[in-house]
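Below, chain A is the first sequence line, B the second, and so on; all start at residue 1.
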Amino acid sequence: AQSVAQPEDQVNVAEGNPLTVKCTYSVSGNPYLFWYVQYPNRGLQFLLKYITGDNLVKGSYGFEAEFNKSQTSFHLKKPSALVSDSALYFCAVRGQGSARQLTFGSGTQLTVLP
Amino acid sequence: DAGVIQSPRHEVTEMGQEVTLRCKPISGHNSLFWYRQTMMRGLELLIYFNNNVPIDDSGMPEDRFSAKMPNASFSTLKIQPSEPRDSAVYFCASRTGSTNTEAFFGQGTRLTVV
């Protein structure tokens with residue numbers, strides 16, 4: 001089985017401050033990990049992914065995520081938050097070699113306060 | 001490419017009526033996914049196709065739901081008869097056949113069954 005946990009339904013951060021959106025996962029074997037963002041009344045947009053290699057992955061709009069195998073985590077980060085980053089963020093996982101498709105977390109609503 | 005195109009964007013129908021949602025995947029993508037998003041259940045995978053063939057429909061909630069992909073550029077999700085609890089946003093997504101590639105989502109169809 002594979003699963004994703006996003007322990008925080010809501011994250012608030014002041015503009016200009018660093019932000020972190022947490023994600024932990026469970027899969028058999030090695031994972032493929034993804035972050036998506038959803039703006040109101042829009043579909044999900046791909047931000048970044050971890051496949052293999054460097055544990056620090058850089059993606060769109062200045063976001064990055066760090067893969068930590070020992071902690072089975074893939075937290076999303078940004079050094080300086082913008083008001084325009086306010087959106088719903090989804091973490092997703094798939095086990096490498098698995099026949100299963102992506103499993104998404106429940107989402108974290110990020111609000112960046114001006 | 002225009003991305004994944006879904007129609008209609010909004011659909012309001014009466015209980016008991018048939019509803020058909022449409023999706024045009026990105027050209028060259030050979031995997032297609034239908035998801036449903038609700039506040040209560042989050043993002044659920046309903047069915048996915050590979051090379052126009054349904055691979056896993058275990059997420060389809062009931063026999064009232066059916067999906068087809070008659071060719072590589074078109075898919076439908078049909079609900080017959082519709083019920084108020086089917087009200088949700090339905091997303092279509094597509095990707096290439098490689099399992100480590102990201103999926104691209106359409107903007108969704110917001111279905112309201114009254």
Side-chain angles (χ1 to χ4, degrees), chain A residues 1-10 23 27-53 57-60 63 65 67 74 76 87-109, chain B residues 1-10 21 23-26 29-50 53-60 88-112:
Chain A
Q2 59 189 33
S3 64
V4 176
Q6 293 183 242
E8 300 159 317
D9 291 336
Q10 174 83 38
C23 170
V27 291
S28 297
N30 293 320
Y32 295 137
L33 292 156
F34 300 79
W35 275 102
Y36 286 82
V37 60
Q38 184 180 27
Y39 297 99
N41 301 314
R42 303 293 297 273
L44 278 69
Q45 297 177 30
F46 169 74
L47 273 181
L48 52 79
K49 66 182 178 184
Y50 171 81
I51 302 301
T52 187
V57 178
K58 294 187 182 297
S60 307
F63 283 93
F67 170 60
F74 190 57
L76 182 70
L88 187 59
Y89 290 81
F90 290 94
C91 182
V93 68
R94 176 179 179 171
Q96 295 185 25
S98 169
R100 296 192 60 182
Q101 296 306 305
L102 277 182
T103 297
F104 283 86
S106 55
T108 298
Q109 180 66 49
Chain B
D1 200 310
V4 176
I5 300 173
Q6 291 186 246
S7 64
R9 289 293 310 275
H10 302 275
L21 312 182
C23 175
K24 176 178 167 55
I26 292 173
H29 285 189
N30 56 0
S31 293
L32 182 140
F33 308 84
W34 282 101
Y35 287 89
R36 178 171 68 176
Q37 185 179 35
T38 61
M39 289 293 292
M40 291 297 294
R41 301 175 68 91
L43 200 61
E44 304 172 276
L45 177 64
L46 300 178
I47 185 172
Y48 85 92
F49 295 84
N50 195 41
V53 176
I55 303 300
D56 182 0
D57 65 355
S58 60
M60 297 285 262
V89 181
Y90 291 82
F91 289 105
C92 177
S94 70
R95 64 166 169 78
T96 66
S98 300
T99 58
N100 62 2
T101 58
E102 60 273 19
F104 292 82
F105 282 73
Q107 296 208 51
T109 296
R110 181 174 296 276
L111 174 64
T112 303

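With a 4.5 Å cut-off on non-hydrogen atoms, Ala93(B) does not touch chain A at all. Looking at Arg110(B), the atoms closer than 4.5 Å to chain A (heavy atoms on both sides) all sit in the side chain, from C-beta outward. Interface remark: Asp56(B) contributes no atoms to any contact with chain A (heavy atom separation under 4.5 Å). When heavy atoms are compared at a cutoff of 4.5 Å, Leu33(A) does not approach chain B at all. For a residue to count as touching a neighbouring chain, one of its non-hydrogen atoms must lie under 4.5 Å from one of that chain's; by this rule Gln45(A) does not touch chain B. Both the backbone and the side chain of Leu44(A) come within less than 4.5 Å of a heavy atom in chain B. No part of Glu44(B) comes within reach of chain A, as not one of its non-hydrogen atoms sits under 4.5 angstrom from that chain.
Taking the side chain as every heavy atom from C-beta outward, Leu102(A) and Arg95(B) never approach each other to under 4.5 Å.
When the options Phe105(B), Tyr90(B), Tyr48(B) are evaluated for a ring-ring contact (aromatic ring centres under 6.0 Å, His included) with Tyr35(B), the one that passes is Phe105(B).
Aromatic rings from Tyr89(A) and Phe63(A) are positioned such that their centres are separated by under 6.0 Å.
Without hydrogens or angle criteria, Gln107(B) side chain to Ser7(B) main chain gives no donor-acceptor distance under 3.5 Å.
Aromatic ring pairs are classed by plane angle as parallel below 30°, tilted from 30° to 60° and perpendicular above 60°; the pair Tyr36(A) and Phe104(A) is tilted.
Rounding to the nearest 0.5 Å places CZ of Phe90(A) at 13.0 Å from CG of Leu76(A).
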